[in-house]
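First up is the structure itself, then whatever we jot down about it.
Labels below follow one simple rule: chain letters A, B, ... track the order of the sequence lines, proteins then strands, and each chain is numbered from 1.
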Amino acid sequence: MQRTKGRLTPVVFTLIIMTDIIESFAELFFKKAAMATNIPDVGFSNFFDFLSRMASGSGFWIGISFYVINFFLWIAVLSQIDLSVAFPTGSTSYIIVALLSIIFLGEQVSPAQWTGILFIITGIFFISRSTQKEAE
Amino acid sequence: MTLKIFMLILLAEICSAGMHILYKKGANSLENEPTKSIKDYIIFAFKILKIPVIWCGLVMVCCGMAMWLIVLAHTDLSVAFPLDSIQYIIILAASFFFLGEKLNRERIMGTLFVVLGIVLVATK
């Protein structure tokens with residue numbers, strides 16, 4: 001990767017979005033795996049039973065392998081920019097999830113949620129500008 | 001949502017914040033690696049795995065994930081989701097105090113916008 005001098009370059013930004021997409025899918029697989037265990041009341045007492053039932057399904061392992069990929073991608077991102085930049089920029093996942101639920105699930109996004117998306121975009125714009133100032 | 005679940009979520013959030021800080025500390029020690037071939041990427045991955053702080057972060061994320069699994073089995077994601085915005089404040093403060101990152105007005109304002117946006121998106 002090119003030295004970015006801490007800037008939120010298009011390459012770094014794309015990497016962050018990639019980790020967001022991969023994480024969304026991983027969580028989907030985990031949720032499915034957790035429900036498939038048929039253990040309604042998970043606590044500390046039956047936790048290992050719960051875990052072993054999760055591990056017997058494929059969804060759990062797909063989720064884990066997504067997490068492994070994400071781990072390396074995220075460290076690569078962090079080697080280039082500040083955590084206080086990388087982390088809030090990762091909130092694009094909220095926009096991705098909203099868009100995916102409109103396109104694939106036909107869900108409605110409320111005006112309040114659109115406002116929220118606008119706020120997130122504005123926030124990332126400011127954060128990205130804060131890195132340009134720093135690099136100058 | 002019971003108090004027990006709320007505390008579990010808060011604890012999981014703290015674990016996750018700790019993980020990010022340890023990862024960042026580890027990532028800071030990486031040199032700018034050449035990434036031209038697949039071999040370079042594999043070498044880069046092994047360099048990451050040789051950093052002790054990164055492993056501390058991994059232990060933290062395992063604890064956090066175990067807590068999340070219990071939370072997910074109990075609560076709907078839509079309830080747990082807005083609480084995620086706390087994380088952004090924790091990370092902002094932690095990157096200032098533990099990582100010595102310079103925070104200017106734009107970065108703080110941007111983060112607050114993001115937090116507000118998440119609360120709006122996540123609340124139905």
Could you tell me which of Ala112(A), Ala34(A), Gly90(A) has the largest number of non-hydrogen atom pairs under 4.5 Å with chain B? Ala112(A)

Please name the pair of heavy atoms, one in Glu101(B) and one in Asp82(A), separated by the smallest distance, quoted to 0.1 Å. OE1-CB, 3.2 Å

Out of curiosity, Ile75(A) CD1 to Phe44(B) CZ, how far, rounded to the nearest 0.5 Å? 8.0 Å

Quick check for you: to the nearest 0.5 Å, what is the distance between Thr131(A) atom OG1 and Asn104(B) atom CG? 9.0 Å

Answer yes if Val59(B) and Val68(A) sit in the same cluster of Ile, Leu, Val, Met, Phe, Trp and Tyr residues linked by side chain heavy atoms under 4.5 Å apart, and no otherwise. no

When you look at CD1 of Ile38(B), are more than 12 heavy atoms from neighbouring residues, nucleotides or ligands closer to it than 6.0 Å? no

Any link between Phe97(B) and Met19(B) through a network of hydrophobic side chains (Ile, Leu, Val, Met, Phe, Trp, Tyr) touching at under 4.5 Å? yes

Inter-chain contacts: residues 52-66 of chain A against chain B, heavy atoms under 4.5 Å: Met54(A), Ile64(A)

Which bit of Leu58(B) is near chain A, if near means a heavy-atom gap under 4.5 Å: side chain, backbone, both or neither? side chain

When heavy-atom pairs shorter than 4.5 Å are enumerated against chain B, which of Thr89(A), Val85(A), Leu83(A) gives the highest number? Leu83(A)

Shortest non-hydrogen contact from Ser91(A) toward Ile118(B): CB-CD1, 4.0 Å

When Leu116(B), Val119(B), Leu92(B) are compared by non-hydrogen pairs under 4.5 Å with chain A, the top option: Leu116(B)

Please classify the contact of Trp74(A) with chain B as side chain, backbone, both or neither, using a heavy-atom distance under 4.5 Å. side chain

Nearest heavy-atom contact between Glu106(B) and Phe126(A) is O-CB, 3.6 Å

Between Ala45(B), Gly57(B), Gly117(B), the one whose heavy-atom pairs under 4.5 Å with chain A are most numerous: Gly117(B)

Portion of Ala94(B) that has a non-hydrogen atom of chain A nearer than 4.5 angstrom: neither

Nearest 0.5 Å, please: how far is CD1 in Ile127(A) from OG1 in Thr111(B)? 4.0 Å

Are Met18(A) and Leu99(A) grouped together when hydrophobic residues (ILVMFWY) are joined by side-chain heavy atoms under 4.5 angstrom apart? yes

Ser110(A) OG to Leu120(B) CG distance, which is reported to the nearest 0.5 Å: 8.5 Å

How many angstroms lie between CG in Leu49(B) and CZ in Phe72(A), if you round to the nearest 0.5 Å? 4.0 Å

Would Ile14(B) and Trp68(B) show up in the same hydrophobic cluster when neighbours are defined by side-chain heavy atoms closer than 4.5 Å? no

Closest heavy-atom contact between Pro88(A) and Tyr88(B)? CA-CE2, 3.6 Å

Considering only heavy atoms, which portion of Leu112(B) lies under 4.5 Å from any heavy atom of chain A: side chain, backbone, both, or neither? neither

Taking side chain as C-beta onward, heavy atoms only, is Val114(B) less than 4.5 Å from Tyr94(A)? no

Is there any residue in residues 117-125 of chain A with a non-hydrogen atom under 4.5 Å from a non-hydrogen atom of chain B, and which ones are they? Ile117(A), Phe119(A), Ile120(A), Thr122(A), Gly123(A), Ile124(A)

For the OH atom of Tyr67(A) and the CE atom of Met65(B), what is their distance to the nearest 0.5 Å? 6.0 Å

Only one of Arg107(B), Lys102(B), Lys24(B) passes side chain to side chain contact (heavy atoms under 4.5 Å, CB included) with Ser84(A), and that residue is Arg107(B)

Consider only side-chain heavy atoms of I, L, V, M, F, W and Y, link residues closer than 4.5 Å, and tell whether Phe71(A) and Ile21(A) are in one cluster. yes

